Structure formats: C-alpha cells, structure tokens
> 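This is the structure I want to talk about, given as structure tokens.
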Amino acid sequence: MPNDFNASDIFDMAVKIEQNGAVFYREAARNVEGETNKEFLLELAAMEDDHEQTFEAMKKELSGNEMLSTTFDPNDENAAYLLAFADRRVFFKKDQPGSDFKSILGSAIQTEKDSIAFYLGMKEIVPENFGQSKIDDIIKEEMRHIRILALKLK
C-alpha cells in the first residue's frame with residue numbers, strides 16, 4: 001500500500017530544513033571574513049529561526065485531512081523517514097564553502113533553490129485533499145529568501 005503524505009508531514013520536514021539552515025548560516029558566520037558579512041549571515045540564521053516558527057504556526061492551522069495519516073504507522077516511522085530525508089537533501093551537514101562571502105551566498109542560493117525543488121516534488125505526493133496547496137506557502141517563503149540572498153550577492 002502506498003504512503004500518502006499530508007501537509008502536516010511536509011511542515012515537519014520544513015521545520016527540520018529551517019533548523020539545518022540556521023546551523024549552516026551560523027557556521028558560515030563563524031568562518032567568514034568581515035564584520036558586516038558576519039552580521040548578514042547571522043541575520044539569515046535568524047530568518048531561518050523565524051521560518052521555523054512560521055512553519056510551526058502554519059502547521060497548527062491545519063485541520064482535518066491535512067493532518068490525517070492514511071497508513072498504519074504505530075511507530076511513527078513515516079515521520080522519521082521524512083525527517084531523515086530532509087536532513088540529507090536540503091541544508092544537510094555539508095562542507096562549508098570556506099570564508100569567501102560570495103561563495104557562501106552562492107552555496108546558500110543553490111541550497112534554497114534545492115529546497116524549492118524538494119517542496120515542489122513533495123507537493124506531488126501530497127493528495128489535494130490532504131493539504132497540497134499549503135505547500136505553496138512554504139515555497140513562497142523560500143522564494144523570498146532567495147531574493148534576499150540574490151540582492152546581497154549583487
């Protein structure tokens with residue numbers, strides 16, 4: 001029997017991805033040269049923290065099927081699988097791009113793009129009546145983050 005995921009599952013992954021992103025930016029801030037660059041990266045980490053809270057709040061607004069599990073999963077293995085997947089695919093623990101600010105921003109932009117591609121793929125496996133449209137809210141937040149990064153890169 002195939003597993004149907006719901007919007008709640010995707011929000012759990014989104015929270016984990018934001019946590020990983022905050023770690024990435026804080027680590028980059030420790031390694032980058034220049035106080036202004038450090039401050040910007042720490043602001044990005046704070047934005048990831050804010051996204052985490054936003055996604056937690058959005059999850060609390062879900063109702064009905066958007067939170068309903070369609071598979072028998074007494075050990076909550078689906079959730080563990082999804083969180084592990086999020087850990088390995090977007091803002092996973094990877095080598096930092098060094099201390100060059102432009103390289104850090106380039107890596108961050110690519111990772112944000114990867115997260116959007118990830119969410120677009122996840123949107124395809126969440127049935128419409130299980131909150132598929134809610135994933136668009138996550139995607140919009142990530143797109144806003146790319147705009148901020150791209151403006152700073154210029």
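Bear in mind that the values here come from a model prediction, so they are computed numbers and not experimental data.
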> To check you understand the geometry: which heavy-atom pair defines the closest contact between Tyr25 and Ala108, and what is its length?
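Answer, listing the atom of Tyr25 first, then Ala108: OH-CB, 3.2 Å.
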
> Does some side-chain heavy atom of Arg26 sit less than 4.5 Å from a side-chain heavy atom of Leu42?
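Yes, side chains in contact.
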
> Are the side chains of Glu142 and Glu18 in contact, using a 4.5 Å heavy-atom criterion?
yes

> Find out whether Phe101 and Leu41 are in side-chain contact, i.e. whether some heavy atom of one side chain is under 4.5 Å from a heavy atom of the other.
yes

> Can you find a heavy atom in the side chain of Asp137 that is under 4.5 Å from one in the side chain of Thr54?
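A side-chain contact is absent here, since even the closest heavy-atom pair is not under 4.5 Å.
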
> With sequence neighbours excluded, tell me which residues meet ring pair (Phe, Tyr, Trp, His ring centres under 6.0 Å) with Tyr119.
none

> For the atom pair CG (Leu151) and CG (Leu105), what is the distance rounded to the nearest 0.5 Å?
11.0 Å

> Measuring from Asp100:CG to Asn31:CG, what's the distance to the nearest 0.5 Å?
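The CG atom of Asp100 sits 12.0 Å away from the CG atom of Asn31.
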
> Could you check whether any side-chain heavy atom of Glu48 comes within less than 4.5 Å of a side-chain heavy atom of Val23, counting everything from C-beta outward?
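Side-chain contact under 4.5 Å: no.
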
> With sequence neighbours excluded, tell me which residues meet side chain to side chain contact (heavy atoms under 4.5 Å, CB included) with Gln110.
Lys113, Asp114

> Do Ile148 and Phe40 have side-chain heavy atoms sitting under 4.5 Å apart?
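Ile148 reaches Phe40 side chain to side chain.
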
> Taking the basic N atoms (NZ, or NE/NH1/NH2) and the acidic carboxylate oxygens, is any pair closer than 4.0 Å for Arg30 and Glu27?
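Answer for the salt bridge query: yes.
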
> Side chain of Lys123, backbone of Gln132: donor and acceptor closer than 3.5 Å?
no

> Which class fits the ring pair His51 and His145: parallel under 30°, tilted 30 to 60°, perpendicular over 60°?
perpendicular

> Distance from Lys59 atom NZ to Ile138 atom CD1, nearest 0.5 Å?
11.0 Å

> Got a second to check how far Leu120's CG is from Asp136's CG, nearest 0.5 Å?
8.0 Å

> Between CD1 of Ile139 and NZ of Lys134, what distance do you get to the nearest 0.5 Å?
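Separation between the atoms: 14.0 Å.
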
> Are Ile109 and Glu112 packed together at the side-chain level, in the sense that at least one heavy-atom pair is separated by less than 4.5 angstrom?
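Counting from C-beta outward, Ile109 and Glu112 never come under 4.5 Å.
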
> List the atom of Ser99, the atom of Val32, and the distance in Å for their closest heavy-atom pair.
O-CG2, 3.3 Å

> What I'd like to find out is whether the side chain of Met13 reaches to under 4.5 Å of the side chain of Phe118, using heavy atoms alone.
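The answer is yes, as the side chains (C-beta and beyond) meet within the 4.5 Å cut-off.
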
> Would you call Glu35 and Lys38 a salt bridge, using N to O less than 4.0 angstrom?
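No salt bridge links Glu35 with Lys38.
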
> Got a donor-acceptor contact below 3.5 angstrom from the Lys102 side chain to the Leu153 backbone?
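Judged by distance alone, no pair lies under 3.5 Å.
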
